[in-house]
Amino acid sequence: MNDILGADAARWRTVLGCTREVIESYGYGEIWLPLLEKTELFHRSIGAVTDIVEKEMYTFDDRNGDSLTLRPEGTAGVVRAFIQNGLHRAGPQRLWMSGPMFRHERPQAGRYRQFHQFSVEAMGMEGPDIDAELIAMGAALWKRLGIDDALTLELNSLGTPESRATYRAALTDYLRGFEDALDDDSRRRLGSNPMRVLDSKNPALADIINGAPQLPDYLDDASKQHFDGVRERLDALGIAYTLNPRLVRGLDYYSRTVFEWVTDRLGAQNAVCSGGRYDGLVEQLGGQATPAVGFGLGIERMVALVEQAEASDGFAPQVYLAALGEAAEAQAPLLAEQLRDHGRGLRVQLNAGGGSFKAQLKRADRCGAAFAVILGDNEVQTGQATVKPLRSDAAQETVAQSQLSDFIRERLRGDSP
Ligand code: ATP
Ligand code: MG
């Protein structure tokens, strides 16, 4: 469990601010939930034969003798709240929450006992469009944080409980043939939850796992169609992914689409954001049948990637000032000085040697700046400047020159204006 101090606390603030802003820009509303839930909730949702429930939960009896657990993840609590508050009556819901999660894991870099997640959930929508939306939200966030080059997307479909049962039988048959070679955990799971063997991180089992029957070969038609729908939408959005037939996720409640954003920059801990569909969970926990999909995002790992990105381009300018036309070229050096003066350490690179709009923007992009500030003769006349974000799809904005440094500072901090 970590204290977060000094520069780290500032970095957290930035990352939390950006993440909230991106999530809310997709129309998701914030909810707050208790840290404690009845232990039973996690048994019934995450599943009894999972790492989390078997060995990672902080569980205790309170003064009434009720068994309570510090939440190890967010989705179970969101579903409990959805049911308890009758939210299904209000139509489809897009919800998010964030905060600490607790798992008694073996501590190591990137794996903590109190860690923090964003949990983003879309309830009551069954089509592939919403799966794609959640994935696109992740992609937009990585871009916004400047870590999109560190993350790749893995995708799979788990099908329905029925198609999975057929697969499970085939997998169990296969794994029985290797019973002696399995480790204790896997042997035990063979009887109770064989798909969890595929999720094993024991390198000694890699060959056995690689040779196992593959889930996508057992998908039912409707799940196949749904999965094709997700893929088409990702293709249309230009979001690249790798199909990973062995991605089964460590929690029992998933069905159909599952995905994971992974990185190779954080050592053994490669998952930054993981999610999928859980169409059966609301009903299973006593609510009205409601399709749902969501993801959990590990904040520590996201912050670590942002820190690495900062370290690698720590001296890059933050602003590239482009000037077009004689009047603008004459004024640009003054505006650059003003930005450096008022911007408290703002790193501003001023275009030199003229060039077309396109050429100047190309330089701006290459130098690593977060923003291009564009000054044309028009802007000189009105006392304004155009600010174009270079690392996100956000729209460009026109800002009074007198407000420019504050505006850019705010944007760099990730606060909404
Ligand atoms: P892993 O494979 O790393 O154990 P997981 O499958 O247990 O991850 P989820 O339960 O899906 O993870 O949680 C979602 C995200 O929360 C993960 O992608 C990861 O970024 C983060 N996370 C999970 N456990 C921890 C932990 N102990 N410390 C820090 N971050 C964590
Ligand atoms: Mg885990």
Side-chain angles (χ1 to χ4, degrees), residues 1-4 8 12 15-16 19 23 41-42 45-47 49-58 69-79 96-121 134-135 137-138 141-142 145 147 150-156 158 185 189 193 195-203 209 244 246-254 257-278 281 293-308:
M1 302 191 187
N2 297 308
D3 302 315
I4 300 164
D8 270 345
W12 272 68
V15 171
L16 294 179
T19 309
I23 295 172
L41 174 69
F42 301 115
S45 55
I46 298 169
V49 191
T50 55
D51 277 349
I52 294 179
V53 171
E54 279 184 329
K55 45 190 187 195
E56 296 174 358
M57 297 205 304
Y58 282 89
T69 294
L70 280 166
R71 65 182 181 200
E73 58 101 45
T75 304
V78 173
V79 171
W96 70 273
M97 54 144 250
S98 71
M101 306 290 160
F102 301 85
R103 295 185 195 176
H104 195 272
E105 304 199 64
R106 199 163 59 79
Q108 48 192 297
R111 193 176 288 286
Y112 310 107
R113 291 183 172 175
Q114 174 173 334
F115 62 99
H116 299 76
Q117 282 186 348
F118 278 89
S119 188
V120 181
E121 319 287 346
L134 284 164
I135 291 171
M137 187 194 293
L141 178 60
W142 317 140
L145 293 172
I147 56 174
L151 288 153
T152 55
L153 176 63
E154 298 198 348
L155 201 61
N156 193 19
L158 300 181
D185 261 354
R189 285 176 172 158
N193 193 351
M195 279 170 57
R196 294 284 292 117
V197 177
L198 302 182
D199 204 35
S200 166
K201 294 192 171 98
N202 181 352
I209 291 172
N244 177 358
R246 270 170 227 102
L247 180 65
V248 295
R249 307 282 301 113
L251 298 80
D252 275 359
Y253 51 60
Y254 288 108
T257 319
V258 288
F259 61 92
E260 221 160 61
W261 288 97
V262 296
T263 180
D264 56 8
R265 297 196 188 164
L266 298 177
Q269 279 17 287
N270 68 348
V272 176
C273 174
S274 334
R277 212 162 240 292
Y278 49 94
L281 186 58
V293 52
F295 65 72
L297 168 54
I299 301 176
E300 279 79 1
R301 295 181 192 176
M302 182 166 54
V303 168
L305 288 177
V306 167
E307 188 176 358
Q308 282 186 12

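For ligands, and for the atoms within them, numbers begin at 1 and follow the listed sequence.
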For this session: Say whether, by atom type as modelled, one donor and one acceptor occur between the side chain of Arg246 and the main chain of Leu198 under 3.5 angstrom.
Result: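 No: the side chain of Arg246 does not pair with the backbone of Leu198.
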Exercise. Out of Arg106, Met302, His116, Arg111, who gets a non-hydrogen atom closest to atom 1 (P) of ligand 1?
Worked result: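 Result: the heavy atom closest to atom 1 (P) of ligand 1 is in Arg111.
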Problem set entry | Heavy-atom proximity to atom 25 (C) of ligand 1, best of Tyr112, Phe115, Phe295 |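 Shortest heavy-atom distance from atom 25 (C) of ligand 1: Phe115.
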With rounding to the nearest 0.5 angstrom, report the [atom1] to [atom2] distance, [X] to [Y].
| X | Y | atom1 | atom2 | value |
| --- | --- | --- | --- | --- |
| Met137 | Trp142 | CE | CH2 | 11.0 Å |
| Asp185 | Lys55 | CG | NZ | 4.0 Å |
| Leu145 | Thr19 | CG | OG1 | 5.5 Å |
| Met97 | Thr75 | CE | OG1 | 8.0 Å |

Exercise. Would one find an N or O of Leu297, backbone or side chain, under 3.5 Å from an N or O of ligand 1?
Worked result: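 Among all N and O atoms of Leu297, none is under 3.5 Å from an N or O of ligand 1.
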Problem set entry | Test side-chain hydrogen bond (donor to acceptor under 3.5 Å, both in side chains) applied to Glu300 and Gln117, His116, Arg111, the passing residue |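 So, applying the side-chain hydrogen bond (donor to acceptor under 3.5 Å, both in side chains) to Glu300 and each of Gln117, His116, Arg111, only His116 qualifies.
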Exercise. Charged N to carboxylate O below 4.0 Å: is that the case for Glu54 and Arg196?
Worked result: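 Not counted as a salt bridge, because no side-chain N and carboxylate O are separated by less than 4.0 Å.
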If you count the atoms of ligand 1 from 1 in the order shown, which ones are under 4.0 Å from a heavy atom of [X]?
| X | answer |
| --- | --- |
| Gln117 | 13 (O), 14 (C), 15 (C), 16 (O) |
| Ala271 | 17 (C), 18 (O), 19 (C), 20 (O) |
| Gly298 | 15 (C), 16 (O), 20 (O), 21 (C) |
| Cys273 | 18 (O) |
| Ser274 | 11 (O), 14 (C), 17 (C), 18 (O) |

Does [X] reach ligand 1, in the sense of a heavy atom lying below 4.0 Å from it?
| X | result |
| --- | --- |
| Lys201 | yes |
| Glu105 | yes |
| Gly110 | yes |

For this session: Using a 4.0 Å heavy-atom cut-off, say whether Arg301 meets ligand 1 through its side chain, its backbone, both or neither.
Result: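 Looking at Arg301 and ligand 1, just side chain atoms fall under 4.0 Å.
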Problem set entry | Shortest non-hydrogen contact between Leu134 and Phe295, atoms and distance |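 Where Leu134 meets Phe295 most closely, the heavy atoms are O-CE2, 3.5 Å.
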